[in-house]
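Before any comments, here is the structure.
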Amino acid sequence: DGIVFWAPKTILASGDSGMMDVLLIPILNTFGIILGYLLNRGAVRNVRVCISVMMVAAAAMAFLMPAAGTGFQLGLLMGCGCAMFYGANPLLTQLLPMEYEGIGAVGLAAGLTDGAIYAGSALTGVVGGLVSQGNGSAVLYLTWGVCALLSAAAMFVTRSASANARERSH
């Protein structure tokens with residue numbers, strides 16, 4: 001949500017950009033959702049690894065954003081980064097909670113995941129504004145990258161908990 005919130009302002013502020021550069025983002029988001037599906041159903045076949053891969057890709061896009069030379073390049077990087085988040089979202093909210101089916105905690109896992117997403121989304125505007133206003137857009141982009149890497153790491157750290165839940169169900 002941070003990218004979606006900040007994209008119009010930062011892309012249009014680049015001075016050489018138009019609304020078409022901003023409109024790249026929703027188009028690319030659709031491809032991110034399809035990519036998440038394809039990764040999870042085909043190449044990766046592990047929800048947590050798939051989410052981690054998408055978060056690392058999003059981080060890479062964020063780390064490249066300060067070097068974008070044009071509004072189009074920035075819009076493309078923001079769109080690709082945002083697409084990774086949009087692709088990971090259904091995996092987080094729909095498939096990840098299913099790992100807890102064996103212990104009867106699907107609803108709890110889904111509620112906690114959804115609540116964390118909404119809390120993070122709410123904080124994005126406020127914290128992003130403080131970071132951008134105090135340190136500039138480049139630091140904001142780097143902050144997004146660090147947060148995406150922390151999310152990827154969380155998927156690996158918590159995978160043993162989900163494995164334990166599956167083992168207890170058998």
Side-chain angles (χ1 to χ4, degrees), residues 1-44 46-96 113-157:
D1 281 344
I3 294 175
V4 172
F5 180 77
W6 286 101
K9 175 196 174 293
T10 55
I11 293 171
L12 294 173
S14 71
D16 66 346
S17 208
M19 199 52 144
M20 288 306 292
D21 297 333
V22 174
L23 293 176
L24 281 172
I25 295 172
I27 294 166
L28 291 171
N29 287 345
T30 302
F31 289 110
I33 293 168
I34 294 168
L35 179 63
Y37 171 81
L38 293 174
L39 283 174
N40 190 55
R41 292 288 179 217
V44 177
N46 180 304
V47 174
R48 288 174 186 270
V49 172
C50 186
I51 293 167
S52 294
V53 166
M54 296 185 89
M55 292 299 100
V56 169
M61 297 301 133
F63 292 141
L64 290 171
M65 286 176 199
T70 66
F72 176 78
Q73 291 171 345
L74 184 59
L76 189 59
L77 289 169
M78 284 184 166
C80 289
C82 194
M84 295 302 106
F85 292 123
Y86 269 74
N89 193 295
L91 301 174
L92 280 164
T93 60
Q94 297 167 14
L95 297 180
L96 190 69
T113 301
D114 203 39
I117 289 170
Y118 278 106
S121 182
L123 288 172
T124 295
V126 175
V127 173
L130 290 171
V131 170
S132 179
Q133 190 173 22
N135 302 295
S137 295
V139 175
L140 176 64
Y141 305 149
L142 297 175
T143 303
W144 289 343
V146 169
C147 289
L149 289 178
L150 290 172
S151 297
M155 286 295 106
F156 281 108
V157 169

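Please read all numbers here as calculations on a predicted model, not as lab measurements. In what follows, every heavy atom counts, from backbone to side chain, and hydrogens, waters and symmetry copies are set aside.
- Across Ala152 and Met55, no two heavy atoms sit closer than the pair CB-CB, 3.8 Å.
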If you look only at distance, which donor and acceptor atoms sit under 3.5 Å apart when one is on a side chain in residues 127-141 and the other is two or more places apart or in another chain?
none

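- In this structure, CE on Met54 lies 4.5 Å from CE on Met84, to the nearest 0.5 angstrom.
- In terms of heavy-atom proximity, Thr93 sits nearest to Asp114 at CG2-OD1, 4.1 Å.
- The shortest heavy-atom contact between Ile25 and Gly75 is CG1-O, 4.0 Å.
- For the atom pair Leu74 CG and Met61 CE, the distance stands at 12.5 Å (nearest 0.5 Å).
- Looking at every heavy atom in both residues, Ala59 comes nearest to Gly145 through CB-O, 3.4 Å.
- The CG atom of Asn89 sits 11.5 Å away from the CG atom of Leu96 when rounded to the nearest 0.5 Å.
- Taking each heavy atom of Val47 and Leu91 in turn, the nearest pair found is CG1-O, 3.8 Å.
- With rounding to the nearest 0.5 Å, the separation of CG in Leu38 from SG in Cys50 is 9.5 Å.
- In this view, Ile33 and Tyr86 satisfy the side chain to side chain contact (heavy atoms under 4.5 Å, CB included) rule, not counting sequence neighbours.
- Remark: side-chain polar atoms of Thr124 are paired, donor with acceptor, to backbone N or O of Gly120 under 3.5 angstrom.
- Gly79 and Asn29 make their closest contact through O-OD1, 4.2 Å (heavy atoms, listed as atom of the first residue, atom of the second, distance).
- Taking CZ of Phe72 as the start and CG of Leu76 as the end, the distance is 5.0 Å to the nearest 0.5 Å.
- Cys147 SG to Leu142 CG: the interatomic distance, rounded to the nearest 0.5 Å, is 11.0 Å.
- With contacts defined as side-chain heavy-atom distances shorter than 4.5 Å, the pair Met155/Val49 does not qualify.
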